[in-house]
Structures are given as structure tokens and as C-alpha cells.
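Just follow the structure's listing: the first ligand is 1, and inside any ligand the first atom is 1.
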Amino acid sequence: MKRGRVFSGARPTGRQHLGNYLGAIQNYVALQEDYECVYCVVDLHALTTLTETEKLKGNTYEMVLDWLAAGMDPETSIIFVQSHVPQVTELHIILSMVTPMGWLTRLPTFKEKVRLQPDNVNYGLLGYPVLMAADITLYKADTVPVGEDQAPHLEFTREIVRRFNHHFGPTLIEPQIKLTHYPRVMGLDRVNKMSKSLNNHIELAFSPEVIEQRVMTMVTDPQRRYRSDPGRPEVCNVFAFHGFFSAQQVEDIESQCRSAEIGCVDCKRSLARNLAASLAPFRQRRAELARDENLVWDVLSDGANRATPIAQETLEEVKIKIGLP
Ligand code: ATP
Ligand code: MG
């Protein structure tokens, strides 16, 4: 007997990176044993920022291949594409009617997007959290594994659920966020969260050569200007990654950095090596899975078939509760 239902999604804007893995995919995989899991390629969400929509199909393929290679199991979990189960768009419209505009315009995530893409502030971008609330509630998920950047959206979903249930009687489930131990992975620039769209990321599928190139560009302790300056591991993003990928050596690295025994270049080289070694089994599995070109599309088609009845049942219940004729 499973403990409950999990829902999560990611935008098909590119291959998955260390932030996605440490912040979300780790939990996607871990929760599969105890929960009924529903994982969604949220292609409609991607439209809010994408102008190059011809990349959606290729990105979907690459992302799902990453998911499968990372250990998401299509036998137990439902893995599907958001637009293949269109009931979500209907629920989105219904939930939009109980959403005060002020809740949307006040969200920090919306303000940030407006700053980043001032020439493309579309209606869908404003409604993004309502669509996300529809995604989660359509599948009656009680647990949502996401990175910390999504916490305001999840809180928003909970508010919408409370408002809906208050108006129409208990119908939708108020979900709980599930964070990993590393819910906000910083990018190579050290100041922004690692993001596909900011291109400050390391993809799980990068070759050892590209990993090394990228790691060498990482910003370390800004106060350490000369090789002989002592470093401060607590403010260094390279050190944070050592915590994950160099577990055996982390104490030595810390003391050698503080005493300036090692410089940032040495420290990055060793991180690049350890990272490439940790990701080697993933890359190998990904290459094996890629040999079957239909695999991803078969998984997604099966996933949509399994997701549809769940979605349909919730939508029918919602329509009855609100009294649609
Ligand atoms: P985009 O830049 O296109 O928004 P992204 O890199 O932010 O892409 P998403 O597809 O938006 O990735 O996020 C997928 C999942 O990964 C979400 O649960 C998100 O919270 C999580 N995630 C993304 N980036 C990080 C990060 N740097 N640290 C922890 N979790 C993250
Ligand atoms: Mg994002």
C-alpha cells in the first residue's frame, strides 16, 4: 500500500543539470518506493518564456532520457507530457476564478521574470502559478518534491486549495512541499541559482571535458585574490559541491583551503575529476537507453494513458461541486 501521491514537473527547456538533480530528481527517485508518483514534462509552462518553440520536442526527449537514466522508473511512476492530458487546462480556468489578481502580481517569482524578460510579460506568465496549482490538484497529490525556488508557488497552491474548498466544500488536497538537503544549488556565477535559462549550469550529461571547462569558470571566494590568501570554504560554491561529490576528501579540502595549501585552480580540478567520476554511471546508462529511439515516446504515451483517468475523475468531481450544468 502506497503512502500517498506525489506530483512534480519540470519545464522542457533543456537537459537536466546539477541543480535539478540535487534539488528535485533525487527526491523523485527516492519517493517512488513509498508513493504513487506522477512526473510531468510541463510543456505548457515552457511556453511562458520560450520563443523558440520548435525546440520543445527535442528538449522533452532529452529531459525524459535524463530522468530515466537518473533512476525514474516508468513501470511504477507515471511519466507524461502536460499537454497530452488537456483536462489540466480546464481546471486551470476554473481555479483562475478563485484566484485574486493581487496574489499573482505580488509573487516574487513573477516580479523576477518581469525583470528578466521585460519585453515578454504575457498573460500566461502571470497565470503560471494557477496552472501549477491545477497540475498538482488535478492528480490530488499530497506531496510535491521541488527545489526551494518553487516554494512560493507551492504555498500559492495551498492557498488556492483552501479557497476552493471553502467555497465549494472539501474537494482538492492541500499539498506539502518536499525539499532535499540541497534545495537551492547555486550556479557557476555563485550569485544566482543554477538555471538552464541563465546558462550558469552543469548538465548531468556533460562529458568530462566540458565538466572541467565549466568547473574552471566557477566563481570562488571573492576575497581570495592571490594563491597565498587563505580561503573561506563556507562562502565558496566549489566547496559546496565538494560536499556532495568528494565526500571522502572534504575535510582535507577544507583545511587545505583555509591554510592556502591548495589554490582555487587545484581545488576546481579535483572537483571536476570527482564530478565526472560520479556522473560516469549516469552517462553510461543514458547512452544505453538512447539506443532505443522509441523508448522515451513509448514511456510518455503510456504515462498519458495512465494519467488521464485520474485527471478525468478529479475534473468531473470539481465540475459537480461548483455546479456546472
Ligand atoms: P528554467 O531556467 O528554464 O526555469 P530551471 O533550471 O529552473 O529551468 P526547472 O525545469 O524550472 O529548471 O525546474 C525543475 C525542478 O528543479 C524544480 O523542482 C526546481 O525547483 C528544481 N530546481 C531548478 N533549479 C534548481 C536549483 N538551482 N537548486 C535546486 N533545485 C532546482
Ligand atoms: Mg525554473
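- Polar contact check, Y28 against ligand 1: no nitrogen or oxygen pair lies under 3.5 Å apart.
- With hydrogens left out, the protein atom closest to atom 16 (O) of ligand 1 is N20 ND2, 3.1 Å, a heavy atom.
- For the residue pair E316 and Q312, a side-chain donor N or O sits within less than 3.5 Å of a side-chain acceptor on the partner.
- Judged by distance alone, the side chain of T180 and the main-chain N or O of L22 form a donor-acceptor pair under 3.5 Å.
- Among all heavy-atom pairs drawn from E62 and R286, the shortest one is OE1-NH2, 2.8 Å.
- Rounding to the nearest 0.5 Å gives a distance of 11.0 Å between CG of N274 and CG of L279.
- Taking every heavy atom of G147 and a limit of under 4.0 angstrom, the matching atoms of ligand 1 come to 18 (O), 19 (C), 20 (O), 21 (C), 30 (N).
- An N or O contact shorter than 3.5 Å links M194 to ligand 1 by distance.
- For ligand 1 and R11, the ligand atoms under 4.0 Å from any heavy atom of the residue are 1 (P), 3 (O), 4 (O), 10 (O).
- Annotation: F80 is in aromatic contact with Y139 [ring centroid separation under 6.0 Å].
- For atom 31 (C) of ligand 1, the nearest protein heavy atom (residue, atom name, distance) is G19 O, 3.5 Å.
- The only option from K2, R3, R5 that meets the salt bridge (charged side-chain N to carboxylate O under 4.0 Å, His left out) definition with E36 turns out to be R5.
- Per-residue contacts place S195 under 4.0 angstrom from the following atoms of ligand 1 (heavy atoms of the residue considered): 2 (O), 6 (O), 7 (O).
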**Report entry** Full working for salt bridge (charged side-chain N to carboxylate O under 4.0 Å, His left out) between D66 and R15
**Finding:** CA-CA 7 Å; D66 279 342; R15 288 183 182 177; 5.5 Å; no
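- Looking only at side-chain heavy atoms (C-beta outward), K268 and E212 stay at 4.5 Å or farther from each other.
- For a threshold of 3.5 Å applied to N or O pairs, the pair formed by L198 and ligand 1 contains no separation below that value.
- Atoms of ligand 1 lying under 4.0 Å from any heavy atom of G23, numbered from 1 in the order shown and given with element: 29 (C), 30 (N).
- For atom 1 (P) of ligand 1, the closest non-hydrogen atom of the protein is S197 OG, 3.6 Å.
- Considering only non-hydrogen protein atoms, atom 19 (C) of ligand 1 sits nearest to D149 OD1, 3.5 Å.
- Contact of the K140 side chain with the E317 side chain is registered, since non-hydrogen atoms from C-beta on lie closer than 4.5 Å.
- An N or O contact shorter than 3.5 Å is missing between S8 and ligand 1 by distance.
- Only the backbone of P183 comes within contact range of ligand 1, with a heavy atom under 4.0 Å; no side-chain atom does.
- By the criterion of a heavy-atom distance under 4.0 Å, the side chain of A24, and not its backbone, is placed next to ligand 1.
- In this structure, atom 7 (O) of ligand 1 lies nearest to the protein heavy atom K193 NZ, 2.7 Å.
- Ring geometry for Y39 against W67 counts as perpendicular: the plane angle is over 60°, on a 0 to 90° scale with 30° as the lower cut.
- The ligand atoms of ligand 1 that sit less than 4.0 angstrom from a heavy atom of Q150 are 20 (O).
- Residue V185 places at least one N or O, backbone or side chain, under 3.5 Å from an N or O of ligand 1.
- Within 6.0 Å of CD on E293 lie no more than 12 heavy atoms contributed by other residues, nucleotides or ligands.
- Close contacts of ligand 1 with H17, meaning ligand atoms under 4.0 Å from a residue heavy atom, involve 5 (P), 6 (O), 24 (N).
- Counting heavy atoms only, K196 comes closest to atom 5 (P) of ligand 1 of the residues E148, K113, K196, M186.
- Using modelled atom types, one finds no donor on one side chain facing an acceptor on the other under 3.5 Å when comparing D229 with Q223.
- Of the polar atoms of Y182, none of the N or O atoms is found under 3.5 Å from an N or O of ligand 1, judged by distance alone.
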